[in-house]
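For reference, the structure I am asking about is given below.
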Amino acid sequence: MRRTKLFLTLTALSLLQLGSCSKKNVNSVTSSISSSSSTPSVNPTEEEVVSNEDDFDVTYSTVDVVFINGLLNDSVTNLIIPDTIKGKKVTGLFSNGGYYDNLHFAHNLKLKSITIGANFEKNRITNKYFEGSTNIEKISVSSSNPYYFVKNNCLFYKDSDGSNVLTMTIKGFSIPEDVANIKIAKDAIAYLDIDKLYIPKNVISIDDQAIHSNYNLTDITSDNDIYKVVDGFLVKDDTLILSPSVEYPKLPSTISKIGQAAFAGTKIKEFTFYSNLSFASNSDSNIITFKNSDLEKVTFEDGFSCPESFDSAFSSCKNLKEIEVPSGITEIKAYAFASCINLESIKIPNSATKISGDAFINTPKLENVYFDSTNTNFKFENECILKGSELIALLSHKETYVFEPTIIISQTSINGLTGIKNLDFSNCNYNLPSYKIKNCKLKSVILPNGPYSLNQGTFQYCEIDEVIIPERFDKNFSGSYFSDSIVKKVTVKEGNQTYKVVDNALIKIATSELSFYPNIDSETEAKIPAEVLKIGAYCFAHNKNLKFIDIPSTVTEIGNGAFQYSNIENVIIPSSVNVLGNAIFAWSSHMKEITINNPNIQLTKDSLIPSLTASSYSVIHFNGTMVEFKKLFNNSLNTYKSNFISGNGKDTLREVEVNDSSVEGGKRIVKVEDIIW
């Protein structure tokens, strides 16, 4: 039995010290426009010690490419984004594009420096990923990177049109005046503790959301012919691009349009949209005008030219208590008022025909939602926003919420609940839909009774202490119901004839199938009852605590996706197992070793394939000869074989251990690239 944990250490890159410059001495900077050099440290000091591969949380895009989600180790002070991880090129930071974006580098006050690897591609990094990490003082780039360079604590990349795109800034930055044709990208100058900003002549464009969330920024100056400063405000023609961070801004009379991020992350307390004002964007593009600001009151004058939606315009306005949405709004989109933690009431006009349930994520004090009595689209009833019988948003402040049979969940209406701890679906008369209950931390969930069930990913990104199976629940129970969620315990109510719990494991009685194994904080090794004959589909999916699975010899089959998205490192598959389901190790990036004891096991073409599963196991221990191993995989892998056993440093499988009576001990380890197929 092998239970080895393998560690691969990255070569440490030295970090380039960057100088910071003010507007006046910007031309005295000695760093060149070419990529910053970096050479291996022969004897790295403690300050230069950097994370190895196991410190990164990664998302695999293809068999050759990796995106980094963030750090698993928040003690890293000098972040070196490596050229490769386990033979795969690291080309960027990953974002899922949603409200709960992958900001795993954010709010890390220990982080002092960043080095960008050689394979990092254009437009793959911004200040957004380091929000609140205000102690970063150094940034450098591998000398082999063809796109990026650093100057004045500003990170640039070369765009295809020859312009230089400013994509990230850090402490002590100043926009250099001797770099031609600068474009300032989205989020490039954001989330920084700065009080002054200078826009030089060489800036040719600024993204609508390039500069925001600089809470102490009060001094804005410019020598630019396109982006000018009028009465302290940064403007382009008649559009307000950026307001200084003041409580009561007084706009110049020449401004008629408000930019997408004009007041985001500022000290603004009150603002009135007069009839002569409009938003610069009247499309579906993301508007974050007041996001994360100190806004307390906003008023819309009659005649104000209203956009179709506000999108995230007011999200995270922690001081906003009430708002009357202006007539003309047709859609209240996701995150429009998310994390307005003191919002108590909102009035929604009849013009609104669509409301996203995600509009009110994390609004713990919102108790009053007003609709006109003539509104035929929506109503606020029983602490719910309803469209007919469809649940749009659950705004209850009860600890336990029991769903009525008539309420239908058809969109993401249950997201990030702050007060509710227990959800009771036992009276529901329909199957719970896919991917509609998200980001909830709950004490308990009671599943639907009778013939009703769940669907794939019904609960997503949730943490649930206990899932309760009621008396009449007789449908298949699957780990796929809980996508990226943590379920700590499953309980079966007395009287249920379909399921039972043995040693924390949920077993389907009629077939002796292990249907689900919960995340148990103190357990790193699964305790599978000896009566189990089959490992059910997605049984261990998303399990973040288990490291080792030793499957009992009673098991004959392992279902689809059984170990997907888990942190399991080592699985021993006994000789009794005859069949492996599809993609059983999908996205199990911690997997180190797999033991297959049945040389005649049946594999589907994607049982173990990294191109579909993105697993990272390094060795297969195969209880058979090399001839049997090649026969098994040649018959099963088909067109995917080249990705699985390609060698050349890109393969996921590194070694195979096979039986060989001609060598001492009867076992032989062969590198994949040495196998003759």
Side-chain angles (χ1 to χ4, degrees), residues 409 423 425-426 428 430-438 440 442 444-470 472-493 496-502 504-520 526 528-529 532-546 549 551 555-568 571 577 579-588 604 606-607 612-613:
I409 302 171
L423 294 177
F425 297 99
S426 58
C428 285
Y430 61 93
N431 293 338
L432 298 183
S434 299
Y435 305 110
K436 303 304 181 187
I437 304 173
K438 298 183 178 182
C440 298
L442 300 165
S444 71
V445 172
I446 302 179
L447 300 185
N449 236 321
Y452 306 107
S453 186
L454 290 76
N455 281 290
Q456 182 175 352
T458 291
F459 293 88
Q460 190 173 32
Y461 311 122
C462 294
E463 183 177 323
I464 306 171
D465 289 345
E466 182 180 17
V467 171
I468 300 170
I469 297 177
R472 300 194 308 276
F473 184 91
D474 60 358
K475 297 296 182 182
N476 288 330
F477 186 100
S478 172
S480 66
Y481 299 158
F482 304 95
S483 177
D484 290 300
S485 293
I486 294 175
V487 176
K488 297 182 179 180
K489 182 180 180 181
V490 178
T491 300
V492 179
K493 282 194 173 183
N496 187 292
Q497 302 297 311
T498 305
Y499 290 97
K500 66 178 180 180
V501 173
V502 178
N504 297 313
L506 181 67
I507 296 176
K508 195 168 187 178
I509 298 171
T511 58
S512 296
E513 175 183 319
L514 179 60
S515 295
F516 186 72
Y517 201 94
N519 279 262
I520 303 170
I528 301 177
V532 171
L533 302 181
K534 178 182 177 180
I535 304 294
Y538 311 103
C539 176
F540 294 95
H542 306 285
N543 196 302
K544 304 305 179 186
N545 293 312
L546 291 176
I549 305 287
I551 300 170
V555 174
T556 60
E557 183 179 349
I558 299 177
N560 297 341
F563 309 105
Q564 284 188 7
Y565 296 95
S566 71
N567 287 350
I568 296 168
V571 174
V577 175
V579 179
L580 291 184
N582 296 332
I584 61 172
F585 299 109
W587 298 99
S588 297
T604 63
D606 60 351
S607 287
L612 297 179
T613 66

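The analysis underlying the following values was restricted to heavy atoms, covering all of them including side chains, and did not include hydrogens, waters or symmetry mates.
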Identify the heavy atoms of I464 and V445 that sit nearest to each other, and give their distance.
->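 Scanning both residues, the minimum pair turns out to be CG2-CG2, 3.9 Å.
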Are side-chain heavy atoms of V571 and F585 found at a separation under 4.5 Å?
-> yes
Please work out whether the ring planes of F477 and Y499 are parallel, tilted or perpendicular, with thresholds of 30° and 60°.
->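 Perpendicular, since the angle between the ring planes exceeds 60°.
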So F482 and F516, would you call those rings parallel, tilted or perpendicular, with 30° and 60° as cut-offs?
-> tilted
What heavy-atom pair brings K489 and P518 nearest, and what distance separates the two atoms?
-> N-CB, 3.9 Å
Once you round to the nearest 0.5 Å, how far does CG of L442 lie from NZ of K488?
-> 11.5 Å
Could you list the residues that satisfy side chain to side chain donor-acceptor pair (under 3.5 Å) with K500, not counting sequence neighbours?
->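 Partners of K500 by the side chain to side chain donor-acceptor pair (under 3.5 Å) criterion, ordered by chain and then number, come out as E531.
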Pairwise side-chain contact, I535 with F540, heavy-atom cut-off 4.5 Å (strictly under) =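 In contact.
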May I ask you to test the Y481-V467 pair for a side-chain heavy-atom distance under 4.5 Å?
-> no
Do the non-hydrogen side-chain atoms of Y517 and N519 ever get within less than 4.5 Å of each other?
-> no
Side chains of I469 and T498: does their closest heavy-atom pair fall under 4.5 Å?
->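 Result no, sub-4.5 Å side-chain heavy-atom pair not found.
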Output all residues satisfying side chain to side chain donor-acceptor pair (under 3.5 Å) with K436, sequence neighbours left out; order by chain, then residue number.
->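 With sequence neighbours excluded, K436 shows a side chain to side chain donor-acceptor pair (under 3.5 Å) to no residue whatsoever.
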At what distance, to the nearest 0.5 angstrom, does CG of L514 lie from CG of L506?
->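 It is 7.5 Å, given to the nearest 0.5 Å.
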Measure the CD-OG distance between E463 and S485 for me, rounded to the nearest 0.5 Å.
-> 9.5 Å
Taking the side chain as every heavy atom from C-beta outward, state whether V532 and I507 have any atom pair closer than 4.5 Å.
->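 Of all side-chain heavy-atom pairs linking I507 with V532, at least one is under 4.5 Å.
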Answer whether the closest heavy-atom distance between the side chains of L533 and T511 falls below 4.5 Å.
-> no
Verify, without hydrogens or angle tests, whether N543 (side chain) and S566 (backbone) share a donor-acceptor contact under 3.5 angstrom.
-> no
Would you call Y435 and S483 a side-chain contact if the rule is heavy atoms closer than 4.5 Å?
->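 Y435 reaches S483 side chain to side chain.
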Pairwise distance CG(N504) to CD1(I528) - rounded to 0.5 angstrom |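 It comes to 12.5 Å.
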If you take all heavy atoms of Q497 and I509, which pair is closest and at what distance?
-> O-CD1, 3.6 Å
Minimal heavy-atom distance between R472 and N496, with the atoms involved, is N-ND2, 4.4 Å
Within the distance-only criterion (no hydrogens, no angle test), does the side chain of K534 pair as donor or acceptor with the backbone N or O of S515 below 3.5 angstrom?
-> no
Here the pair of heavy atoms bringing N476 nearest to S453 is O-OG, 4.1 Å
For S434, what residues pass the side chain to side chain donor-acceptor pair (under 3.5 Å) criterion, not counting sequence neighbours?
-> none
Nearest heavy-atom contact between P470 and P448 is CG-O, 3.6 Å
